[in-house]
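Read through the structure below, which is laid out as structure tokens, and then see the notes.
Every chain is numbered from 1 and lettered A, B, ... according to where its sequence line falls, protein lines coming before strand lines.
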Amino acid sequence: MSVTAGPSQDQTIPHEVETDPRTDEILTIVAKETGIERARLVPDASIEELGIPSLDMVQAVFELETHFDIEIPAISEKAGSEFATVGDLVSHVLAALDRARAA
Amino acid sequence: MSGRRVAVTGIGAVCPIGATSSEFLASAKAGACGIGPITTIPTDRLTIRIAGEVTAFDPAAHLERRKLAMLDRTSQLAVVAAREAMAQAGLAGFQPARAGVILGASIGLGTFDEAYRVFYGEGSNRVAPLSVPRTMPNASTSAVSMEFGMRGASFAVASACASSTHAIGLAFQMIRGGMLDVALTGGSDAPVTVGHMKAWEALRVLSPDGCRPFSKDRNGLVVGEGAAILVLESMDRAKSRGATILAEIAGFGMTADAADLTSPDEAGGAAAMRAALEDAAIAPEAVGYINAHGTATRINDRSEIAALRLVFEAHLDRLPVSSTKSMVGHCMAGGGALEAALTALCLRDGVLPPTVGFREADPECDIDCIPNAARAGAVEWALSNSFAFGGLNAVIAMRAAS
């Protein structure tokens, strides 16, 4: 059976990941949670190639939710590998921040 | 491995698609799904609002008031399922010291949630006195042993989502090895609580809209609750007392991935299946059905199919594989027991249970998953897989009663 529950899935909204002032704040937290050097967390960097385990990513997203006091919706159809690149992650978080601000 | 043969002579179940094992089987044959909007807990703070709940279960109808108060829902489900299993087995006159209870460890999550909600949330300075005995991981094991006066080796086994499969495997080994003549084994869980659902949400692996194992559009697991208890006894004992033999447990394999805390490792799963086949002394080609772990997360299903391919190679193209979780959700410490129970009942009836909710073939899961409808299929050998968080794998090899 199919049931609709919870908020709709995030629509990808293009963001200027490189220029948005919040990107650095986001990536500083990601660096702290994943133990990956901040300088390596560039938008094009592949999460897989950086070797970030899925649980570390889950923990980083949780810390971002706590830090910004927002809910970052899960991309359930990609569970376990929601973000292919650092840019995908930042873009998803920025969209959640924009929605929280608009609400 | 040599030793006594082990028969399944009774099965009880309480799950989202049946209040008894016969209802569970009938619903599975009909391709029913017990997953739906959550009704047993407040959902206003939940993002994910579906689960597999046992909505028809009225504990007060089964348990007297004092016992009810002593038991968390997880133990209540276990006792009710155990009664059904014992009644079916007609197991009277066992020697108490030679009878044991070995169940999957399951803490009383609802009791925890409520006790600490009152303590932290409402600022009460008291925690209910039965919180400790209701939440100990062996609570359901102890409740079942007391219910039937079983005084032999009894304990709870912990391996997250594989707990009740490990429990059945150990009960099988203890009877085979001569340490027990009779065992009540399996497990239960009642994890649909607000706090626990929030914890699962934070792991970002829950589906918002349904459990669709092996389907290309699968998007995560669905939490479920339920219990299944099996009566195991030595084949000689079962035959000499004229018991109806539902199935035979003939092999057990267990391994640890020693890799990732939550992501499965195909080599570990494959090794557990090989160990079960070796223990049962059968070739992969002898297996006619696999009850998969099948959680419907992208990673689990892909990894499980890869593990199956490692073990069964070309035989996998002719080997039906289905997921009981598609019908009942992920019943955690009760899941493996429900899956083993359904496997045994389907072996008896010559039926292959379906994977419901299936919509679209996935090249990463190139198997016959018995999509959406059960079908007839007389099979001699089946495996039931459980691959838990923490990388702990357990596989039971089961044989149809001859």
Side-chain angles (χ1 to χ4, degrees), chain A residues 1-12 26 29-30 33-35 46-84 86 88-93 95-97 99-100 103, chain B residues 16-17 31-39 43-52 197-212 215-222 259-264 295-303 326-327 329 356-357 359 362 372 389-390:
Chain A
M1 95 182 261
S2 177
V3 180
T4 304
S8 61
Q9 287 305 303
D10 182 42
Q11 302 300 310
T12 304
I26 292 167
I29 292 166
V30 174
E33 291 303 319
T34 60
S46 149
I47 300 289
E48 191 179 343
E49 281 167 23
L50 288 168
I52 302 176
S54 64
L55 264 193
D56 286 17
M57 188 54 78
V58 164
Q59 188 61 30
V61 171
F62 188 76
E63 287 306 319
L64 289 165
E65 289 182 324
T66 305
H67 179 82
F68 291 113
D69 193 22
I70 56 170
E71 182 173 336
I72 300 171
I75 307 172
S76 55
E77 65 276 15
K78 295 183 188 169
S81 54
E82 290 176 78
F83 313 109
V86 170
D88 290 345
L89 167 66
V90 174
S91 178
H92 189 66
V93 176
L97 282 166
R99 274 196 309 276
Chain B
I17 57 170
C33 180
I35 292 166
I38 290 175
T39 60
T43 57
D44 51 304
R45 297 179 70 182
L46 300 182
T47 300
I48 302 294
R49 295 178 175 183
I50 59 167
M197 287 298 297
K198 292 305 292 184
W200 273 104
E201 280 181 9
L203 268 180
R204 309 176 77 82
V205 294
L206 293 185
S207 167
D209 55 15
C211 179
R212 297 183 291 277
S215 187
K216 193 172 183 183
D217 68 343
R218 69 188 181 278
N219 60 3
L221 65 86
V222 174
D260 193 88
L261 201 51
T262 54
S263 293
T295 61
T297 64
R298 292 223 72 77
I299 293 177
N300 173 82
D301 292 3
R302 184 175 62 209
S303 166
S326 66
M327 297 181 275
V356 305
R359 290 175 180 165
D362 181 353
N372 300 321
F389 269 11

Part of B:Thr297 lying under 4.5 Å from any heavy atom of chain A: neither
B:Arg218 versus chain A, the contacting section by heavy-atom distance below 4.5 Å: backbone
Straight-line distance of A:Ser76 OG to B:Arg298 CZ, nearest 0.5 Å: 10.0 Å
For the student: nearest non-hydrogen atoms of B:Leu203 and A:Val58, plus distance: O-CG2, 3.6 Å
By side-chain hydrogen bond (donor to acceptor under 3.5 Å, both in side chains) - contacts of B:Arg302 (at least two apart): none
More than 12 heavy atoms of other groups within 6.0 Å of A:Phe62 CZ: no
A:Leu55 CG to B:Thr262 OG1 distance, which is reported to the nearest 0.5 Å: 3.5 Å
Set of side-chain contact (heavy atoms from CB on, under 4.5 Å) partners for B:Ala51, sequence neighbours left out: B:Ile38, B:Glu53, B:Val192
Region of A:Glu65 that comes under 4.5 Å of a non-hydrogen atom in chain B: side chain
